[in-house]
Amino acid sequence: QVQLVESGGGLVQPGGSLRLSCTASGIIFRLDAMGWYRQAPGKQRELVAGISSSDSTMYEDSVKGRFTISRDNAKNTVDLQMNNLKPEETAIYYCNTGIGLAGLRKSKDYWGQGTQVTVSS
């Protein structure tokens, strides 16, 4: 069974920071790429950051320089450090897995509950 549990969301002011965490089970974590996605109100879910099994990373252009993805294979966790948050980044944030970074863009059978990030004054 695959389990994806996201945490760390909350309400922050524009320019603020949050650190999200995802704990995965039911997969061989160290062999898979992990990604963070977000779905804003009225928008489709988008991949914002990914990290491969060999620690290569990718970021959606709008978050480059502000977001950092990292993983801890011993704990089966992937984190997303988000700095200088913008109101338009208000969304539910999800994690998921794939075969390599390209695999993060493939359709997924399961999503966790996500964690709400609200960026507002």
Side-chain angles (χ1 to χ4, degrees):
Q1 75 287 359
V2 58
Q3 292 182 339
L4 300 164
V5 180
E6 300 93 344
S7 62
L11 173 64
V12 296
Q13 294 185 345
S17 298
L18 282 174
R19 189 176 184 92
L20 309 182
S21 186
C22 166
T23 300
S25 61
I27 63 171
I28 305 176
F29 184 87
R30 63 181 174 85
L31 300 182
D32 293 332
M34 297 295 299
W36 279 97
Y37 307 72
R38 65 188 176 197
Q39 186 167 27
K43 304 288 188 179
Q44 298 214 330
R45 201 186 326 252
E46 65 175 347
L47 175 66
V48 299
I51 184 166
S52 76
S53 61
S54 58
D55 291 336
S56 296
T57 58
M58 58 79 61
Y59 298 92
E60 197 275 327
D61 285 344
S62 69
V63 310
K64 285 182 178 178
R66 298 186 297 115
F67 289 14
T68 303
I69 189 170
S70 60
R71 67 192 295 159
D72 185 337
N73 291 341
K75 299 196 296 184
N76 280 18
T77 59
V78 57
D79 288 4
L80 185 68
Q81 177 67 46
M82 306 187 296
N83 297 329
N84 194 21
L85 282 159
K86 305 175 184 299
E88 58 264 36
E89 292 170 327
T90 293
I92 303 175
Y93 283 70
Y94 303 87
C95 65
N96 220 306
T97 185
I99 303 174
L101 292 175
L104 295 174
R105 300 191 183 277
K106 303 290 187 178
S107 63
K108 307 301 177 186
D109 292 333
Y110 175 82
W111 296 91
Q113 82 287 350
T115 186
Q116 175 71 50
V117 172
T118 302
V119 186
S120 176
S121 298

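We count residues from 1, following the sequence as given.
- Both Leu18 and Val63 sit in one connected hydrophobic cluster of ILVMFWY residues. Membership requires side-chain heavy atoms under 4.5 Å apart, directly or through other members.
- Under a hydrophobic-cluster definition in which Ile, Leu, Val, Met, Phe, Trp and Tyr are linked whenever side-chain heavy atoms come within less than 4.5 Å, directly or via other members, Val48 and Val119 are assigned to the same cluster.
- Residues Ile27 and Ile69 share a single hydrophobic cluster, defined by chaining ILVMFWY side chains whose heavy atoms lie under 4.5 Å apart.
- Listed for the Gln39 side chain is a donor-acceptor partner under 3.5 Å among the backbone atoms of Lys43.
- For the pair Arg71 and Phe29, the cation-pi test (distance below 6.0 Å, angle within 45°) is passed.
- Atom OG1 in Thr57 sits 14.0 Å away from atom CZ in Phe67 (nearest 0.5 Å).
- For Glu89 against Asn84, the heavy-atom pair with the smallest separation is OE1-O, 4.4 Å.
- No donor-acceptor pair under 3.5 Å is formed between the side chain of Tyr94 and the backbone N or O of Glu6.
- The heavy-atom pair separating Leu4 from Cys22 by the smallest distance is CD2-SG, 4.4 Å.
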Under the side-chain hydrogen bond (donor to acceptor under 3.5 Å, both in side chains) rule, what do Gln81 and Asn83 come out as? Steps first, then yes or no, please. CA-CA 7 Å; Gln81 177 67 46; Asn83 297 329; 2.9 Å; yes

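- Listed here is the closest heavy atom pair of Leu104 and Lys108: O-CE, 3.7 Å.
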May I have the step-by-step check of side-chain hydrogen bond (donor to acceptor under 3.5 Å, both in side chains) for Thr118 and Ser120, ending in yes or no? CA-CA 6 Å; Thr118 302; Ser120 176; over 6 Å; no

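- Closest non-hydrogen pair, Ala49 versus Leu80, comes out as CB-CD1, 3.9 Å.
- Tyr37 and Trp111 have their aromatic ring centers within a separation under 6.0 angstrom.
- Rounding to the nearest 0.5 angstrom, the gap separating the CG atom in Leu31 from the CG atom in Asn73 is 9.0 Å.
- Within 6.0 Å of atom CZ in Arg105, 12 or fewer heavy atoms from other residues, nucleotides or ligands are found, so the atom counts as exposed in its surroundings.
- There is no path of hydrophobic side-chain contacts, each under 4.5 Å, that joins Ile99 to Tyr110.
- Residue Leu11 qualifies as enclosed at atom CG: its count of foreign heavy atoms under 6.0 Å is above 12.
- In terms of heavy atoms, Ser53 sits closest to Arg30 at CB-O, 3.3 Å.
- Nearest approach of Ala91 to Arg38, heavy atoms of both residues: CB-CB, 3.8 Å.
- Taking CZ of Arg66 as the start and CG of Leu85 as the end, the distance is 6.5 Å to the nearest 0.5 Å.
- Note that CH2 of Trp36 is 7.5 Å distant from CG of Asp79, once rounded to the nearest 0.5 Å.
- Under the 4.5 Å side-chain heavy-atom criterion for ILVMFWY residues, no single connected hydrophobic cluster contains both Leu47 and Val2.
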